[in-house]
Amino acid sequence: MSTEEKPAAAPRSLAEALRGRDDAELAALLRSRPDLVTPVPTDLTQLATRAGTRASVVRALDRLDLFTLQTAQALAVAADPAPYDELLGLLAGDEGDRAVSAALPGAVRTLREQALVWGDDDRLRLVRTARELLSPSPQHPSPTGLGPTVREATAGMSPGRIQEIVTTVGLPSTHDSVSAVAALTGLFTDRERMAELLAEVPFESLEVLERLVWGPPYGQVTADPATRLRRLLDRGLLLPTAPGTVVLPREVALHLRGGRAHRTVEPVPPPVGAAATHPPQVVDATAAGQAYTALATVEELLKDWDEGGPAVLRSGGLSLRDLKRTAVALDVTEPVAAFWVELAYAAGLLASDGEADERYAATPAYDTWRERPAAERWTTLAAAWLTATRTPGLVGGRDAKDHTLSALGPGLDRSAAPEVRRRVLTLLAGLPEGAAPDAGSVSERLRWERPLRATGGAAGSGSTGSGTGSGSGSGGGDDLRSRLARWTLTEAEMLGVTGRGALSAHGRALLGMPAPAPKAHAERTDRSPEPTGPGDRLPVHHRPAVPPPDSPAPPSPLRTALTPAEQAAASAAAARLLAPQLPEPLDHVLLQADLTAVAPGPLQRPLADMLGVLADVESKGGATVYRFTPGSVRRALDAGRAATDLHAFLAAHSRTPVPQPLTYLIDDVARRHGHLRVGAASAYVRCDDDAMLNEILADKRAAGLGLRRLAPTVLAAQADPAGLLEGLRRMGFAPAAESAEGDVLITRTDARRTPPRAAPEPVPEGPPVPDDTLLAAAIRAVRAGDLASTAPRKAKAGEADAGAGSGELPRTGSAETLATVQAAVLTGESLWIGYVNAEGAASQRVIAPVRVEGGFVTAYDHTADEVRTYPLHRITGVAELADDEN
């Protein structure tokens with residue numbers, strides 16, 4: 001007897017194919033399709049079943065790149081199963097394509113890894129659900145543009161008509177339709193005989209075929225077809241599928257196409273081109289300037305909302321009127337204002353206060369954020385933008401219910417946004433330093449990497465490719481991913497991640513990428529790789545299924561996010577690179593005689609805060625101009641500052657002498673400030689100068705305040721204190737608020753803050769990718785469960801061979817169960833048991849009993865890979881395992 005090992009049998013199902021995988025391969029499957037691991041499958045059969053469900057297959061197809069998807073589409077129109085050479089012929093055509101030959105092994109490997117294809121190279125099988133989704137049908141045309149096979153198209157045709165076609169094309173008649181269809185299929189798939197048949201067809205008839213060859217393959221005919229159509233119908237080159245409808249059989253189309261399933265096959269991703277190139281130093285400086293502007297804009301936005309921002313709409317979000325007001329305050333357009341508002345919200349610096357009259361305001365985290373160094377403040381904003389699923393570019397659009405999408409409102413989350421942002425920036429990082437990308441080439445690349453998303457179609461709806469017959473993935477249409485890419489390029493420039501369109505050094509660090517090498521290399525743009533190994537010198541139809549060691553690898557899976565620890569390290573690195581590029585804050589201003597102050601650069605925090613109270617911003621830019629007015633000076637006095645404090649402050653921080661008009665302005669407002677006192681009666685006014693009170697009573701503008709004299713120095717008012725203060729100030733007076741104890745109330749600039757609010761959580765695109773610990777535990781559980789479900793057991797007397805994996809729990813009486821378990825303790829054998837836990841969940845397990853006592857059995861559970869104790873009354877039955885066959 002030969003001692004050689006028998007070759008492994010070809011798998012008969014996806015479950016068997018999965019059983020042949022090692023732990024690393026199973027981990028790769030669960031990592032690429034995380035929906036399969038939640039909840040953890042009980043065994044490999046359940047894992048295979050779950051991998052073939054429609055929802056899971058659609059999700060997997062949705063994440064394939066264009067060439068891998070084209071490979072799956074080609075398998076869907078190939079024989080089932082199909083050998084590797086047939087698949088290669090469908091993609092490379094009769095003439096062959098070196099690039100396709102080099103890339104196909106990687107595509108097949110990806111489909112196998114994701115359990116969309118199983119079987120050896122001589123019997124490749126597309127999972128049934130994927131074949132149903134991708135195969136051509138009248139309701140859902142295939143992106144290949146191919147129609148049904150001859151066998152499928154003639155399924156409803158009469159036997160007599162089939163025999164007529166067979167006779168017309170010169171084939172011998174048969175006794176049944178099955179053999180006739182097989183003979184016709186053999187003719188159409190024979191290149192030489194098919195060429196001879198088409199040579200007999202007139203040119204005008206061939207023109208009809210040319211119009212259908214790349215799809216759609218269906219056409220309309222009248223009840224009495226023209227002669228050119230009749231010739232095609234008589235020869236079976238067109239077959240009727242319904243009254244008035246004909247179809248071009250798949251075999252005929254493939255012959256006319258030269259064996260290609262797709263008109264255009266793109267095995268290599270399109271390159272990202274550079275629109276312009278700038279010196280890296282210029283890029284970094286420009287990006288740093290934009291970063292500083294971003295910080296100033298966010299601070300200005302939240303400072304404007306310090307005393308309570310706009311009201312929250314009942315449906316949530318910011319009203320269009322408030323967005324316009326914000327845009328005017330920031331001196332930007334409304335879409336740009338929506339971006340800054342959403343950015344502050346994503347970073348956790350802005351939220352609604354949750355009050356009955358709900359308004360937006362800064363969060364307590366904003367105060368902490370302001371105290372941090374500028375570079376760290378920027379990385380907080382940039383990291384929040386990079387991972388946020390909220391999409392400001394959608395503001396102003398319409399949702400599915402035709403409601404307007406508002407800033408800070410619901411409906412702005414797009415789960416693909418973080419992936420697209422990171423991918424776009426990664427593509428920029430692949431360009432030479434200082435190179436700004438061509439936006440169109442970025443969109444083309446994204447369409448290649450995710451063709452299903454680019455077309456906005458779902459595999460389940462038949463829109464599974466990039467356009468009928470083309471398969472290129474570059475068709476028109478303003479799809480979401482293209483818009484996200486454009487918005488990413490614009491937002492990255494506003495935020496300072498890029499400068500002049502090129503990725504900056506701190507932007508690269510933010511992505512967690514190392515600094516570029518001294519000599520940058522442009523991305524390879526040739527579409528035909530050079531020979532990479534001996535396999536490339538073989539004939540086209542005899543290429544190896546496994547690529548040579550140095551052959552081009554398929555595109556790596558897109559990484560959509562860093563771990564929190566990785567992102568923290570990346571943000572710290574970005575802050576270190578950005579900090580030297582930001583301008584140093586100044587501790588001085590230049591006072592001018594026209595009651596203005598010029599800040600020639602950014603100001604230190606205490607100076608900026610005080611100057612923001614004492615003066616109004618008149619203009620911004622490279623230098624900020626502040627203007628002093630009576631109202632602004634009164635605002636500083638209301639905040640508790642005395643006139644002497646203001647004089648000392650200006651003298652200490654001005655590089656020019658304090659102008660006399662400014663000194664007079666401060667003294668004049670201070671002299672009148674607090675001369676009037678306003679308190680709550682409803683409200684009252686008191687003043688030691690009764691002549692001033694007489695002046696107020698005589699003023700017609702005071703009629704709305706409801707004033708009346710209570711005493712020579714006191715006036716009572718019907719208005720509330722705040723309204724009385726505002727009314728008197730409009731009349732030109734400078735009243736001060738008073739407490740119940742008669743003290744002057746100091747109106748400080750303490751901002752209104754919301755209760756502590758966490759930043760909004762990004763909306764996940766799907767189940768999270770499991771970490772290594774979860775993967776290891778899940779694989780161990782699946783392996784153990786599979787052992788329990790497939791372990792062969794001995795058949796009882798009078799019972800057929802029980803086999804394995806029947807799915808039914810063993811059933812034995814309590815006495816037989818106890819006796820069998822006790823015997824297994826003595827012999828050390830393993831048993832197959834059925835077990836029902838306290839929650840009523842049934843499972844099957846393989847155990848090795850150690851002892852039995854007190855109604856419990858202690859055993860090593862192969863399913864859980866640990867020693868456990870089971871109540872005997874919960875064991876439904878036991879069965880001995882069959883002896884292993886050598």
Side-chain angles (χ1 to χ4, degrees), residues 286-287 289-305 309-310 313 316-352 360 362-363 366 369 377-399 404-422 424-425 428 439 480-501 504 507 510 620 759-760 762-763:
T286 304
Q290 288 297 120
Y292 175 76
T293 302
L295 294 177
T297 304
V298 171
E299 288 187 33
E300 183 178 356
L301 166 69
L302 296 178
K303 181 180 178 181
D304 189 49
W305 292 3
L313 294 173
L318 199 63
S319 69
L320 181 59
R321 180 177 57 185
D322 289 326
L323 181 61
K324 289 181 178 179
R325 289 174 178 171
T326 302
V328 171
L330 297 179
D331 193 22
V332 295
T333 62
E334 292 170 29
V336 174
F339 168 72
W340 294 120
V341 169
E342 285 288 344
L343 178 62
Y345 178 62
L349 308 179
L350 171 66
S352 59
Y360 289 107
T363 64
Y366 171 64
W369 177 79
R377 285 186 282 134
W378 180 84
T379 57
T380 300
L381 297 179
W385 168 76
L386 196 60
T387 59
T389 55
R390 293 188 63 83
T391 310
L394 297 172
V395 172
R398 296 279 180 174
D399 61 11
T404 301
L405 295 171
S406 58
L408 301 178
L412 294 184
D413 284 288
R414 296 295 182 271
S415 56
E419 177 196 328
V420 173
R421 289 194 192 105
R422 181 169 290 277
V424 168
L425 297 180
L428 267 62
L480 176 62
R481 285 175 67 83
S482 294
R483 286 184 290 159
L484 286 172
R486 291 199 307 271
W487 294 334
T488 295
L489 293 174
T490 302
E491 293 167 2
E493 189 73 14
M494 290 192 296
L495 192 52
V497 177
T498 60
R500 300 196 177 186
S504 63
L510 184 70
K620 296 178 292 184
V763 176

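Values in this document were obtained by computation on a predicted structure and should not be read as measured data.
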Worksheet item: Sub-3.5 Å donor-acceptor pair from the side chain of T363 to the main-chain atoms of G348, do we have one?
Response: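 Side chain of T363 to backbone of G348, a donor-acceptor pair under 3.5 Å: yes, one is there.
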Atom [atom1] in [X], atom [atom2] in [Y]: separation rounded to 0.5 Å?
X	Y	atom1	atom2	result
D413	T389	CG	OG1	3.5 Å
R481	T488	CZ	OG1	10.0 Å
E493	T286	CD	OG1	7.5 Å
L480	L394	CG	CG	7.0 Å
L318	S352	CG	OG	11.5 Å
L408	E342	CG	CD	5.0 Å

Is there a side-chain contact between [X] and [Y], using heavy atoms and a 4.5 Å cut-off?
X	Y	result
T297	V336	no
T404	L320	no
W369	E299	yes
F339	T333	no
D304	L330	no
V341	W305	yes
L484	E419	no
L425	L386	yes

Worksheet entry | Residues in salt bridge (charged side-chain N to carboxylate O under 4.0 Å, His left out) contact with D331, at least two apart in sequence or another chain | none
What closest approach, in Å, do [X] and [Y] show between heavy atoms, and which atom pair accounts for it?
X	Y	result
G316	P410	O-CD, 4.0 Å
W385	E491	NE1-OE1, 2.8 Å
Y345	P760	O-CD, 3.0 Å
A388	A417	O-CB, 4.0 Å
R421	R390	NH2-O, 3.1 Å
A485	V420	N-CG1, 3.8 Å

Worksheet item: Would V424 and L489 satisfy side chain to side chain contact (heavy atoms under 4.5 Å, CB included), going step by step from the backbone distance to the final call?
Response: CA-CA 8 Å; V424 168; L489 293 174; 3.7 Å; yes
Item to complete: Carefully, step by step, assess R483 and R486 under the rule side chain to side chain contact (heavy atoms under 4.5 Å, CB included).
Response: CA-CA 5 Å; R483 286 184 290 159; R486 291 199 307 271; 3.2 Å; yes
Discussion item. Show, in sequence, the C-alpha distance, side-chain angles and deciding distance for L495 and L343, and conclude whether the side chain to side chain contact (heavy atoms under 4.5 Å, CB included) test is met.
Written reply: CA-CA 10 Å; L495 192 52; L343 178 62; 3.7 Å; yes
